[in-house]
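Some notes on the structure that comes next.
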Amino acid sequence: MADGLYERIFELAKRRGFLYPSFEPYGGAAGFYDYGPLGAQLKAGIENLFRRIFVVEEGCAEISCPAVTVEEVFVASGHVAKFDDPVVRCQNCRSPFRADHLIEEAGYKGNAALLKNEEIDALAKKLGVKCKNCGGPFGAAYRQNLMFKTEIGPGSGKVGYLRPETAQGIFVDYPYLYRYFREQLPFGVCQIGRAYRNEISPRQGVLRLREFNQMEVEVFIDPQKLTHAKFARVQGTRLRFLPKASKEIVEMTIGDAVAKGVVANEALAYYLVLVDRLLTQAGIDPKRLRFRQHEDDEKAHYARDTWDAEFQSERFGWVECVGIADRSAYDLTQHAKLSGTPMRAVRRYETPQKREVVQVRSVPAKLGPLFKKEAGAVTAALLALPADRAEAAAAAKEVEVIVDGRKVTVPRAAYDVVRETVTVAGDDYVPNVIEPSFGVDRILYAVLEHSYVETTKEGEAYTVLRLPLAMAPMQVGVFPLMPKDGLDAVALDLLHKLQAAGLRALYDESGAIGRRYARMDEVGTPYCVTVDYDSLKDQSATVRERDSTKQERVRFTDLVDHLRRRFSPFRDS
RNA sequence: GCGGCCGUAAUGUAGUGGCUAGCAUUGGAGCCUUCCAAGCUCCCAGCACGGGUUCGAAUCCCGUCGGCCGCACCA
């Protein structure tokens, strides 16, 4: 048997069909794993739990966007710049270094990552940067791209990237979603899907993958109303916090955490509670779960505040599996700016307000012949003039506007100054975003590790996967005590009834009965039904429970209901 | 990406240049067996990949891929 707990869990996962290294016959590739028959079901269980909480209970809208994404999206999001780290290598010992870090350490003020390669080379020379290992000279800087790049369309098609997070698809669809929710904030939109990062060095099994699974929620909210309608219901929930700059985990209610300023606001706090609920219902041990706040220098540039949900792993220590970020208005602002599509919401007044507006309007009959093709742009520039300049223009002989960076003089005859009273319903604003972002693969590993229990039975090592009912890949094992005397036929009939009732059930008649229980325990199957000789007389069977190994006699006619109501009603919804 | 260690069946392993690569568990077929990995018989299944050295390579050398650890990087 393998030495470490991690090795034993992984061995089980591989042997029993949870996880396989991808492409094994061809030698494999780091950072890719297949989900086997049981792993795929476990993953589905986690995803269904997410849907139950966020889509059903919270009313979030689930959407699904392409993984292949046009370049512009990630230019706007900052990923093209962010995932392109400049690297230099020592020409002597080949050690690679982050060039921007070297230059900033050597005294450069500013964000060196934004510099061009040539500028980095020049600065490295000027600042006398040498290899930290051996003191050797560096070669030319190059970019280490962490996004998978591809081409859209044949030949010299459009540049595309495989998305490094599913979030951007939601942001880009914001205008549609705003209308879908009938222009009422707050609303949440979520997406379950694959994301891709060409990691330099994937390690730690399924914890750091090049292709991985995310479940992300983007909650769009008015930054002036960072409260939550249902916060009162959850304020007594106790969570374990590790606030920034502190060394110790403190446990307190989420209500106290907000009152004491540990968590910035109710809205963010509410989602910490939902994350906690999902993780613990999935089977992560609450005692090995904490919420850690990012240090100020650790936060992404768009984030105002970030909390990570971390589980404790025997092998890897505290591992992040969910990030709950306050992304502020960053993403929508960027997409509005780069795409030209407004990404706004309206904060309505209680009663619409009347406002006096002064506008400069073109007189098309005069302005058209004067400016010809530019007339449209000039008209827009006139309209955009602020109130004071519009007032001044009324009495002047002409007015100057900037069109395409040039000054243009418009004679008085070509415009009118119009004063009118308009009714305004509210102010435009860019919504803020609170983002709980779940790493499915990491959660799945955490669930495996925290469910994995080793005991002894009759002096022999014995393994049980104590998965929550809602997570169990296989729900019921059905066995004849002996595969003969008609017991097998009865058991098969029960199997088919359970399957028809929507339960994932497995028939097994091989080996001794204890061996079959052991097989089911090892993959976390909560119940086993055994048909024995009495069954033929009394039309009932034994239902054996995984964790207690207790047995109960249940009549055939009650069996389906007996088992079905034990499984969470939402398991396959 | 760098350095160290490593790669034999689904899993855990034995095998230091020479027979059909051994063992255990698992899995399969069967016998037996009236509720927690019993026993017996038989069977399936392996030297990561590619080169090289050699009469001969699982074994030695090189490369690739993969794993673990450290460094670096990083949600």
Side-chain angles (χ1 to χ4, degrees), chain A residues 1-4 6-8 10-17 20-32 36 79 82-83 85 87-90 93-98 101 131-134 144 146 164-165 167 195 197-205 207-209 212 214 216 294 298-300 303 306 308-310 315 319-325 435 437-439 442 456-464 477 479-485 487 510-522 528-536 541-544 546 549-551 553:
Chain A
M1 193 167 249
D3 39 354
Y6 170 80
E7 281 78 9
R8 297 199 296 279
F10 229 91
E11 183 217 305
L12 168 69
K14 212 168 152 181
R15 186 163 41 83
R16 289 301 194 187
Y20 307 129
S22 298
F23 322 124
E24 263 221 315
Y26 294 102
F32 298 94
H79 283 93
K82 188 182 163 191
F83 275 63
D85 293 332
V87 177
V88 287
R89 302 180 65 101
C90 173
C93 70
R94 306 299 301 151
S95 302
F97 292 94
R98 277 283 292 273
H101 291 179
C131 174
K132 287 202 228 170
N133 268 4
C134 69
Q144 186 80 44
L146 293 187
E165 59 173 5
R197 296 181 189 183
N198 203 358
E199 299 287 351
I200 296 170
S201 178
R203 295 252 176 103
Q204 306 175 332
L207 298 183
R208 191 177 195 74
L209 296 171
F212 58 105
Q214 288 189 314
E216 294 196 297
H294 277 204
E298 184 184 3
K299 285 184 295 206
T306 300
D308 283 347
E310 299 181 325
R315 174 62 167 277
V319 178
E320 172 196 353
C321 60
V322 187
I324 305 108
E435 177 199 71
S437 172
F438 298 76
R442 289 179 175 189
T456 46
K457 202 168 206 172
E458 323 267 313
E460 226 184 321
Y462 196 86
T463 303
V464 185
F479 318 138
L481 188 58
M482 297 295 146
K484 60 180 184 186
D485 301 327
L487 298 185
S510 84
I513 191 72
R515 172 178 299 274
R516 288 177 253 163
Y517 288 145
R519 274 199 280 256
M520 290 291 98
D521 286 345
E522 203 177 26
C528 294
V529 174
T530 301
V531 173
D532 58 22
Y533 285 92
D534 290 341
S535 301
L536 301 178
T542 298
V543 175
R544 180 259 195 191
R546 179 191 67 202
T549 75
K550 290 224 170 68
Q551 301 193 354
R553 200 72 185 168

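Scope of the values below: all heavy atoms of this structure, side chains included, with no hydrogens, waters or symmetry mates. The shown structure was predicted, so the numbers you read here are calculated from the model rather than taken from an experiment.
- Between B:G22 and B:C61, the distance separating the two C1' atoms is 27 Å to the nearest Å.
- In this structure, A:K550 places its NZ atom 16 Å from C1' of B:C35, rounding to the nearest Å.
- For A:R553 and A:T542, the side-chain atoms include at least one donor-acceptor pair closer than 3.5 Å.
- On the P atoms, B:C35 is 46 Å away from B:C69, given to the nearest whole Å.
- Summarising the geometry, the separation between CD on A:Q204 and C1' on B:C74 is reported as 11 Å, rounded to the nearest angstrom.
- Listed candidates were B:U11, B:C36, B:C68. Nearest to the side chain of A:Y462 is B:C36.
- Distance, A:E24 CD to B:C47 C1': 15 Å, rounded to whole Å.
- If you take CG of A:L207 and C1' of B:G67, they are 15 Å apart, rounded to a whole angstrom.
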query: Reading RNA chain B 5' to 3', how would its secondary structure be written in dot-bracket notation, given Watson-Crick and G-U pairs with both distances under 3.5 Å, brackets [ ] for crossing pairs and | for partners on other strands?
result: (((((((..((((....[...)))).(((((.......)))))....(((((..]....))))))))))))....

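- At least one side-chain heavy atom of A:V319 sits less than 4.5 Å from a side-chain heavy atom of A:L207.
- Spacing between atom CZ of A:R15 and atom P of B:A10 amounts to 13 Å, rounded to whole angstrom units.
- B:U16 and B:U59: their P atoms are spaced 12 Å apart (whole Å).
- As rounded to the nearest Å, B:A58 and B:C71 have C1' atoms that lie 33 Å from one another.
- Residue A:R546 has no polar side-chain atom (N or O) positioned under 4.0 Å from OP1 or OP2 of B:C36.
- Legend: residues meeting side-chain contact (heavy atoms from CB on, under 4.5 Å) with A:R515, ordered by chain and number and at least two apart, are A:R519.
- When the nearest nucleotides of RNA chain B are assigned to A:Y6 and A:S437 by heavy-atom distance, the more 5′-ward of the two goes with A:Y6.
- Rounded to whole Å, the P atom of B:G7 lies 14 Å from the corresponding atom of B:C49.
- B:C36 and B:C42 have their C1' atoms separated by 27 Å, with the value rounded to a whole Å.
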Where do N or O atoms of nucleotides 28-33 of chain B meet protein N or O atoms at under 3.5 Å, pair by pair?
none

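- Applying the 3.5 Å distance criterion, the base of B:C35 shares no donor-acceptor pair with the side chain of A:R544.
- We find that CG of A:D521 is positioned 11 Å from P of B:A37, with the value rounded to whole Å.
- Distance CG (A:L487) to C1' (B:C35): 12 Å, rounded to an integer number of Å.
- Across B:G50 and B:A57, the matching P atoms stand 14 Å from one another, rounded to whole Å.
- Between the side chain of A:Y26 and the base of B:C49, no donor-acceptor pair under 3.5 Å is found.
- Proximity of A:K14 to the phosphate of B:U11: a side-chain N or O atom is located under 4.0 Å from OP1 or OP2.
- Here A:G28 lies in heavy-atom contact (under 4.0 Å) with sugar-phosphate atoms only.
- For the C1' atom pair drawn from B:G27 and B:G63, the interatomic distance equals 37 Å after rounding to whole Å.
- Nucleic acid contact for A:R16: none, since no nucleic acid atom lies under 4.0 Å from a heavy atom of the residue.
- Candidate nucleotides B:C36, B:G67, B:U34 were compared by shortest atom distance to the side chain of A:A30, and B:G67 ranks first.
- Between A:R515 and B:A38 there is a side-chain N or O to OP1 or OP2 distance below 4.0 Å.
- Remark: P of B:A37 and CZ of A:R516 are 12 Å apart, rounded to the nearest angstrom.
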